[in-house]
Each structure stands twice: as C-alpha cells, then as structure tokens.
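As the structure lists them, so they are numbered: ligands from 1, and atoms in each ligand from 1.
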Amino acid sequence: METKCTKCDEPAVYLRRYTAEMLCKGCLVKTSLDRVRRTINKNQMLKDDDRIAVAISGGKDSAVLFDIICNIESAYPRSEVVPFTIDEGIEGYRDKALEAAKCLVKDRGMKLEIRSFKDYFGQSLDEIVKHRYESNFGACSYCGVLRRRAMNDAALEIEADVVATGHIMDDESQTVIMNIMRGDSKRIARSNRSRSHPIPGFVPRIKPIMELSERDVVAYAHHLELPYHDIPCPYASEAYRTDLRLFLNEMEHKRPGTLLAILRSAEDIVDAFQHVQDSSKINHCERCGSPTSLKICKTCSLLDEIQG
Ligand code: SF4
Ligand code: ZN
C-alpha cells in the first residue's frame, strides 16, 4: 500500500527520520524552506535589504542553499542574491564543478561571479601543492585557509553584507565533536560568531541550511532536479573527519536526532562562551586584523611563504 505524506494526502517520497515525518515532494520542499527560515530568524542571520553573496561550489549542498535562499528572498524585494564561486584551481575537479554551478545559476537567470586562487594569490592550488613549500601542509590545509581569505576578498569586492555558505547539519555536528575531541571548545564559540559581533574588514558568514541533514539535501536536490557535481576532490583525505562521519552516521541511524542534539549543545556552548565573542578581548593579526592567537595569523604566514 502506498504511504501517504504526514502533512497532506499525497504519496510520500521521503522519510525525514529525525522528525519522523513521511513527506511528499511538495511538503519536502515546503518543510525544508520552513526549517531554513526558522534557522535564519532564530539566529538573526539576514536583514530585509541585505546583499547576500551565496557561495556556490557546484556540489549538492550549495545547490540546495542557493535554491532555498532564492525562494526565501523572493519575498524580500529589497534584498539581493549574488552567487559566487572560488576556483581553487584543481584540475579535473573544480573545472567540472564550475560547469554545474554555472548551470544552476543560469536556470535562475543570474550570472556567477568567479574568483580564483590564481587571481588572488598568484598560484592555483595544484601549483601550490606541487611546489612543496617548507611548511609542507596537506592540500586541504592550504585550501581551507586560503579559501576563507579568498571568500572574504570576493565578498568585499561584491560589496556583500553577508556571505551564505552551504554547511549542513552533518558538517556542523562533525566540526563540533572534532573541536571537543581536540580540547578546543572555545573554537565552537569563535566559529559561530553572530552578526551582532562583527570584525572590521570581515564580511559576516552565515550557514542558513545548517539544520538540514545530508539526507534532506540529497532528497531536495534529487526531487527538484538541481544540477550538481558529485565527484570527490582528488585531494580529499581528512581521515579524522571521515572516521567521525561514519561514527555519527551510525549513531544518527540508531538514534535519529543525534546530530540535531549536537547542534543544540553547540548553541549552549556558544552562549556559555559569550565573552569569547567580545572582539575587544581577542588578539588581531598585525597584517590583516583577523582574530588570531598569534601576532601574524595563519593565512598571512602562509601567504608570506607562497608569495615569497
Ligand atoms: Fe580543498 Fe581539500 Fe576540499 Fe579539495 S578536499 S576542495 S583540497 S579542502
Ligand atoms: Zn592576518
């Protein structure tokens, strides 16, 4: 017998396990939009007249983020959505993902702003990795640090009020547990800095779809046939995160709601470490002003090394 949607009488196509809802296609879309709207409102992520830079990677998470933000913002005529991509320069991967990103944005009649590592730092990630600098970091360390800087530079050029990224519940809960396992719970408060604690020169970041799970995102992208690229990056090697993902997926499967409970705990940690958000009490990099425990931040040191 056909299973009916919990919300209406249409045939169900998706079980959202952590809310125990069987959903038809229409209600999958509607409840996803409602969840994201709630996340945005609860955390005061957006204002009515924001120019929102939406970071698009070409993957499914940012495709869903872009679709949802466009839908939600269509009710706010004074706001503006500006999709952009950072091209790290990873042959056979980012170039393919870029095609999907362009397709996604074109379907909405918009243009994709593209900025690259080559533009900003003079070298692609492939070139940086090949060079084998003294610090000898793995590709992901260079990539992560430099992408943050490139995203901020791009957002400043775009004159965005805020940058939206496609972090989902799975990523967020893994990050929270990783920080706890490294004994660095203060970082949870620092990395979830609210818009009410801005840092001069840094465009605030928001994660509007952080309360959608990977399963939600896959179902949403599939049922709306959003174009996205699904090949893993050739450098992907974060063994620690992969172990944690497998463990948390297993826990979520056994006890649906585990990931959401981790996010709720992180909110309590952010509240408990309110003082960490007070920018007057943290050091700032002498070069770029970003918060750091060192004199010169990690990004500026890496750039020194790369740019000689
Ligand atoms: Fe960058 Fe690593 Fe992600 Fe590849 S897997 S895009 S190198 S952070
Ligand atoms: Zn710096």
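Classification of Asp34 and Lys30 as a salt-bridged pair holds, one side-chain N sitting under 4.0 Å from a carboxylate O. Salt-bridge formation is detected for the pair Lys42/Glu211: a Lys NZ or Arg NE/NH1/NH2 atom is positioned less than 4.0 Å from an Asp or Glu carboxylate oxygen.
Between Val36 and Asn71, the closest side-chain pair of non-hydrogen atoms is not below 4.5 Å.
Linking ILVMFWY residues whenever their side-chain heavy atoms come closer than 4.5 Å, directly or via other members, leaves Leu23 and Ile168 in distinct clusters.
Distances under 2.8 Å from atom 2 (Fe) of ligand 1 pick out the protein N/O/S atoms Cys140 SG.
Among protein heavy atoms, the minimum distance from atom 8 (S) of ligand 1 is reached at Arg147 NH2, 3.4 Å.
The distance from the CG atom of Leu33 to the CG atom of Leu212 is 9.0 Å, given to the nearest 0.5 Å.
Side chain of Arg94 to main chain of Cys233: no donor-acceptor pair is present (N/O by atom type, distance under 3.5 Å, no hydrogens or angles). Side chain of Glu252 to main chain of Leu259: a donor-acceptor pair is present (N/O by atom type, distance under 3.5 Å, no hydrogens or angles).
Under a 4.0 Å criterion applied to the non-hydrogen atoms of Leu125, ligand 1 contributes the atoms 7 (S).
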